[in-house]
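To find a chain, count down the sequence lines: A is the first, B the second, and so on, and within it residues start at 1. In this text the structure is predicted, and so the values were computed from the model without any measurement.
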There are 2 protein chains.
Amino acid sequence: MDKQQILSKNQQIIFDLIDKSSEPLKAYTILFNVQKKGIKAPLQVYRALDKLVEMGKIHKIESRNAFIACHNSSCQVSKATAFSICEICEKVTEISSVSLSKYLTNFKDKDGMKYSKYNLEFFGLCKKCR
Amino acid sequence: MDKQQILSKNQQIIFDLIDKSSEPLKAYTILFNVQKKGIKAPLQVYRALDKLVEMGKIHKIESRNAFIACHNSSCQVSKATAFSICEICEKVTEISSVSLSKYLTNFKDKDGMKYSKYNLEFFGLCKKCR
DNA sequence: TTACATAATGTTATAATATAACAATAACTA
DNA sequence: TAGTTATTGTTATATTATAACATTATGTAA
């Protein structure tokens with residue numbers, strides 16, 4: 001899907017909130033923050049989140065049940081995601097390493113099988129917390 | 001922590017169930033299956049799961065909220081996990097590739113930071129579903 | 001421009017996943 | 001054997017996510 005596509009009203013409201021956030025946002029945190037904009041129900045949030053993930057505009061941090069905006073300009077990595085997560089301050093950074101994505105995209109398991117889609121989460125301490 | 005350590009009663013019951021399962025098990029599926037053994041409450045299950053994950057006896061498949069037994073004999077990979085997940089039949093296989101774990105353990109981000117812990121989930125179609 | 005299809009929205013209810021708080025018991029250790 | 005830590009039991013509740021159904025908006029092709 002094309003990242004340049006136009007967002008619907010709810011999608012735009014929720015994307016804007018996630019995009020301007022400095023940290024991953026959880027669904028109910030999002031809900032709380034967009035209630036003044038008329039989005040009242042969890043399902044409205046989850047539906048927008050699903051679509052935004054599909055489009056590659058945001059990513060879900062699976063280990064945290066939280067969402068961050070994609071910071072890779074290139075579309076093709078939306079199915080090949082890697083993040084670093086600080087175990088103290090919970091800061092999450094999207095990793096955009098060409099060599100890493102090449103390595104993982106080309107990785108073959110012992111049956112010779114390749115996987116076009118993956119999600120990688122690194123854990124450790126960020127600069128500040130070390 | 002040492003994988004050879006003795007498990008407590010609840011830990012053993014829950015580990016045995018996960019270990020003999022051919023697919024990842026969810027917490028409430030586990031609960032249902034161990035009620036006849038006297039484990040009645042979700043918290044009893046979650047506490048055992050937490051400990052088993054800590055010990056490296058089981059792993060959590062984050063994208064599925066489910067748990068599988070570790071099938072790597074070597075302890076040192078309990079903090080460096082990789083799985084393949086079939087998007088049709090949901091079959092999950094733990095990947096034990098020395099080159100992959102070496103690559104990821106030695107991976108440095110653009111700040112030169114290394115991460116000793118990671119979780120990688122590959123998605124695609126398994127042999128049967130292709 | 002209208003009919004049809006598809007996407008998005010709104011709403012209520014409920015399912016599924018996970019933890020808080022407190023009390024009691026068992027196992028380890030000095 | 002006293003003190004400490006790990007484990008268990010129990011009730012209640014918090015958090016995350018989806019089902020089901022009705023409605024409105026948008027895109028598309030005759």
Chemist: Can you check the B:K37 NZ to D:dT7 P distance for me, whole Å?
Modeler: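 From B:K37 NZ to D:dT7 P: 20 Å.
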Chemist: Have a look at B:C70 and tell me which of B:M55, B:K57, B:E94 forms a side chain to side chain contact (heavy atoms under 4.5 Å, CB included) with it.
Modeler: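 Of B:M55, B:K57, B:E94, side chain to side chain contact (heavy atoms under 4.5 Å, CB included) with B:C70 is met by B:E94 alone.
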Chemist: Go through C:dA18, D:dT16, C:dT12 for me and flag the one nearest to the A:A41 side chain.
Modeler: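 Nucleotide nearest to A:A41's side chain: C:dT12.
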Chemist: Are B:F32 and B:L43 linked, directly or through intermediate hydrophobic residues, by side-chain heavy-atom contacts shorter than 4.5 Å (ILVMFWY only)?
Modeler: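 They do not share one cluster, since no chain of ILVMFWY contacts under 4.5 Å joins B:L43 to B:F32.
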Chemist: Cut-off 3.5 Å, side chains only: do A:E62 and B:S63 have a donor facing an acceptor?
Modeler: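 There is no such pair between these side chains.
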Chemist: Whole-Å distance between D:dT7 C1' and B:F15 CZ?
Modeler: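 For the pair B:F15 CZ and D:dT7 C1', the rounded distance is 19 Å.
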Chemist: Between the protein and nucleotides 4-10 of chain C, which nitrogen or oxygen pairs come in under 3.5 angstrom?
Modeler:
from   : atom 1 : to    : atom 2 : distance (Å)
C:dA8  : O3'    : A:S8  : OG     : 3.1
C:dT9  : OP1    : A:S8  : OG     : 2.8
C:dT9  : OP1    : A:K9  : N      : 3.3
C:dT9  : OP1    : A:N10 : N      : 2.8
C:dT9  : OP2    : A:S8  : OG     : 3.3
C:dG10 : OP1    : A:K9  : NZ     : 3.3
C:dG10 : OP2    : A:N10 : ND2    : 3.1
C:dG10 : OP2    : A:Q44 : NE2    : 2.5
C:dG10 : O5'    : A:Q44 : NE2    : 3.4
C:dG10 : N7     : A:R47 : NH2    : 2.4
C:dG10 : O6     : A:R47 : NH1    : 2.9
C:dG10 : O6     : A:R47 : NH2    : 3.4

Chemist: Between atom CE of A:M113 and atom SG of B:C126, what is the distance when rounded to the nearest 0.5 Å?
Modeler: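 Reported to 0.5 Å precision, the distance equals 7.5 Å.
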Chemist: Please report the distance, rounded to the nearest Å, between CG in A:L25 and P in D:dT16.
Modeler: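 It is 12 Å, rounded to the nearest whole Å.
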Chemist: Do you know which of A:D109, A:N106, A:T105 makes side-chain hydrogen bond (donor to acceptor under 3.5 Å, both in side chains) with A:Y115?
Modeler: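 In the set A:D109, A:N106, A:T105, the residue that makes a side-chain hydrogen bond (donor to acceptor under 3.5 Å, both in side chains) with A:Y115 is A:D109.
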Chemist: Is it true that the side chains of A:N33 and A:Q35 contain a donor and an acceptor less than 3.5 Å apart?
Modeler: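 A:N33 vs A:Q35: no donor-acceptor pair found between side chains.
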Chemist: Looking at A:Y28 and D:dA14, is any side-chain donor or acceptor paired with a base atom of the opposite kind under 3.5 Å?
Modeler: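 Counting by modelled atom types and ignoring angles, no donor-acceptor contact under 3.5 Å is found here.
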Chemist: Considering only NZ, NE, NH1 and NH2 on the basic side and carboxylate oxygens on the acidic side, decide whether A:E90 and A:R64 come within less than 4.0 Å.
Modeler: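 Salt bridge present between A:E90 and A:R64.
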Chemist: Nearest whole Å is fine: how far is D:dT16 P from B:K60 NZ?
Modeler: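 So the two atoms are 11 Å apart, to the nearest Å.
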Chemist: In whole Å, what is the span from the CG atom of B:L52 to the C1' atom of D:dA6?
Modeler: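 Spelled out: CG on B:L52 to C1' on D:dA6 is 14 Å.
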Chemist: Between atom OH in B:Y46 and atom C1' in D:dT11, what is the gap in whole Å?
Modeler: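 Distance check: B:Y46 OH to D:dT11 C1' gives 17 Å.
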Chemist: Find the distance B:I30:CD1 to C:dT17:C1' and express it as a whole number of Å.
Modeler: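 Taking atom C1' of C:dT17 as the reference, CD1 of B:I30 is at 12 Å.
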Chemist: Within the pair B:N65 and C:dA18, is there a side-chain N or O less than 4.0 Å away from OP1 or OP2?
Modeler: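 Answer is yes, contact under 4.0 Å.
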Chemist: Are the side chains of A:R47 and A:N10 in contact, using a 4.5 Å heavy-atom criterion?
Modeler: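 Contact flag for A:N10/A:R47 side chains = no.
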Chemist: Mind telling me whether A:Y118 and B:F122 have parallel, tilted or perpendicular rings, with 30° and 60° as the class edges?
Modeler: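 Perpendicular.
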Chemist: May I have the distance from A:L31 (atom CG) to C:dT12 (atom P), rounded to whole angstrom?
Modeler: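 After rounding, the gap between these two atoms is 14 Å.
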Chemist: Tabulate protein N/O versus nucleotide N/O from nucleotides 23-29 of chain D, keeping only pairs under 3.5 Å, one per line.
Modeler:
none

